[in-house]
Every structure is written in C-alpha cells, then in structure tokens.
Amino acid sequence: MMHSCNFRVYYEDTDAGGVVYYANYLKFAERARTELLRSFALNQVELAAKHNMLFVVRNAALELLKPARLDDLLTIETEVLGFKAAAIELEQNIYLEKIKLCNIKIKLVLINKDFRPVRLPDFLKKVFSKV
C-alpha cells in the first residue's frame, strides 16, 4: 500500500525561470509525510506533547529526473521500505500526471525531547505497516 497526496506549485516554490527550486522537493515530501500521519489521525504536535516523540531526518537522497514548473499539480507517493528499532525508511516519488519528476529516499529517526533515539511504539509500527 502507498500513501498519495497532491500539491500545487506556487510562485514561491520556483526560481526566476519558473522551475521548482531543488530544495522545495524536500518540502513537498515533508508535507506529504505530515499528511500521511494525518490520514491516520496522528500529528506531529500530538506526538511531541503526548508521547514525547519527534521525527527527524537522519539522511535524504534526492534524485531529480525532470523539472516541475509553476502551477503544476504534483502527486507525491510515499511508500514505507522498512523500519528498525527507532528508524523508518521511506521512498517518496513526485509525479506530474504519470511522469516521475523526483525520487527521494529518506530515513527518519524517532527521538525524544533530549534528542535521544526512541524505539518505535506499536501504534506507529501499525500505522507504517499499512502504508
């Protein structure tokens, strides 16, 4: 199973030529991960406040294949590749219609307020097992 959501490219996302600035693909991917959590009635604020947990990016690999442009409607698909004790590995692909524009492989680590790794609780394992 895969999570999918759409985002429009706005003027603020582009460079002077109307092409999406490379770092903004990472922002689109971040928004898609937030929407994935929301689709399971979870959010970052609640995870931090109630469970003392935050997701942080450990590493990200970005491959740009084709440019997105102003006013394009992009689809971001997120797939869970696997998880370990305190980490989740994801692949996120960004499409314009059915043309792949960008591939992102990302590793997230769950930490507490002291920036120490935290084991993934069962409720998060269940959520990410459904993606």
Side-chain angles (χ1 to χ4, degrees):
M1 191 171 146
M2 189 175 310
H3 180 266
S4 181
C5 59
N6 297 313
F7 297 103
R8 177 85 52 196
V9 174
Y10 295 108
Y11 187 76
E12 67 189 23
D13 301 318
T14 64
D15 61 17
V19 174
V20 171
Y21 181 66
Y22 77 93
N24 288 334
Y25 292 96
L26 293 169
K27 290 181 181 182
F28 296 146
E30 176 72 33
R31 292 175 193 158
R33 292 191 304 274
T34 298
E35 293 304 319
L36 183 154
L37 287 174
R38 284 187 180 157
S39 74
F40 290 101
L42 295 170
N43 67 60
Q44 305 277 7
V45 173
E46 183 179 309
L47 285 175
K50 284 187 176 178
H51 303 286
N52 187 26
M53 294 182 231
L54 300 166
F55 283 107
V56 294
V57 174
R58 170 76 187 239
N59 61 39
L62 173 81
E63 181 182 20
L64 297 172
L65 305 168
K66 295 184 182 286
R69 293 182 167 77
L70 181 63
D71 207 41
D72 284 347
L73 181 62
L74 304 178
T75 300
I76 296 91
E77 293 182 349
T78 303
E79 181 178 7
V80 175
L81 299 177
F83 44 88
K84 297 182 180 165
I88 301 169
E89 293 182 32
L90 304 169
E91 181 170 8
Q92 294 184 277
N93 290 297
I94 300 176
Y95 297 90
L96 175 60
E97 296 173 1
K98 295 189 180 190
I99 300 167
K100 188 190 293 189
L101 305 181
C102 179
N103 172 263
I104 300 170
K105 290 203 170 112
I106 194 152
K107 184 176 186 178
L108 303 173
V109 176
L110 193 60
I111 63 169
N112 63 20
K113 66 180 179 181
D114 298 320
F115 300 100
R116 305 211 62 103
V118 176
R119 293 184 80 75
L120 281 167
D122 287 339
F123 77 92
L124 283 178
K125 286 180 184 177
K126 286 180 185 176
V127 164
F128 287 107
S129 293
K130 295 177 183 178
V131 180

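FYI, side chains are in, hydrogens and waters are out, and symmetry mates aren't considered; it's all heavy atoms of this structure. Quick caveat, the model's predicted, so the values are computed rather than measured.
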Would you mind writing out the side-chain donor-acceptor pairs for residues 55-67 within the sub-3.5 Å range, not counting sequence neighbours?
none

If you measure from [atom1] on [X] to [atom2] on [Y], what distance do you get to the nearest 0.5 Å?
{"X": "Leu42", "Y": "Leu124", "atom1": "CG", "atom2": "CG", "answer": "6.5 Å"}
{"X": "Thr34", "Y": "Arg31", "atom1": "OG1", "atom2": "CZ", "answer": "9.5 Å"}
{"X": "Phe28", "Y": "Cys5", "atom1": "CZ", "atom2": "SG", "answer": "11.0 Å"}
{"X": "Phe128", "Y": "His3", "atom1": "CZ", "atom2": "NE2", "answer": "10.5 Å"}
{"X": "Tyr25", "Y": "Ile94", "atom1": "OH", "atom2": "CD1", "answer": "7.0 Å"}
{"X": "Ile104", "Y": "Glu91", "atom1": "CD1", "atom2": "CD", "answer": "10.0 Å"}

Same cluster (ILVMFWY, side-chain, under 4.5 Å), Tyr22 and Ile99 | yes

Joint hydrophobic cluster, Leu54 plus Leu90, side-chain heavy atoms closer than 4.5 Å | no

Would you check if the side chain of Asp15 reaches a backbone N or O of Tyr21 as a donor-acceptor pair within less than 3.5 Å?
-> no

salt_bridge(Glu30, Arg33) N-O dist < 4.0 Å = yes

Considering only distance and modelled atom types, tabulate donor-acceptor pairs under 3.5 Å from the side chains of residues 105-123, sequence neighbours left out.
{"unit_1": "Asn112", "atom_1": "OD1", "unit_2": "Asp114", "atom_2": "N", "d": "2.9"}
{"unit_1": "Asn112", "atom_1": "OD1", "unit_2": "Phe115", "atom_2": "N", "d": "3.2"}
{"unit_1": "Asn112", "atom_1": "OD1", "unit_2": "Arg116", "atom_2": "N", "d": "3.1"}

Asn24 and Val20 have their tightest heavy-atom pair at CB-CG1, 3.9 Å

Output a table of donor-acceptor pairs, distance under 3.5 Å, between side-chain atoms of residues 71-84 and any protein atom two or more places apart or on a different chain; print 'none' if there are none.
{"unit_1": "Asp72", "atom_1": "OD2", "unit_2": "Arg69", "atom_2": "N", "d": "2.7"}
{"unit_1": "Thr75", "atom_1": "OG1", "unit_2": "Asn6", "atom_2": "OD1", "d": "2.6"}
{"unit_1": "Thr78", "atom_1": "OG1", "unit_2": "Gln92", "atom_2": "NE2", "d": "3.0"}

Hey, are the side chains of Asn93 and Tyr95 touching, using non-hydrogen atoms and a 4.5 Å cut-off?
-> yes

Might you confirm whether atom NZ of Lys125 has over 12 heavy atoms from other residues, nucleotides or ligands at distances under 6.0 Å?
-> yes

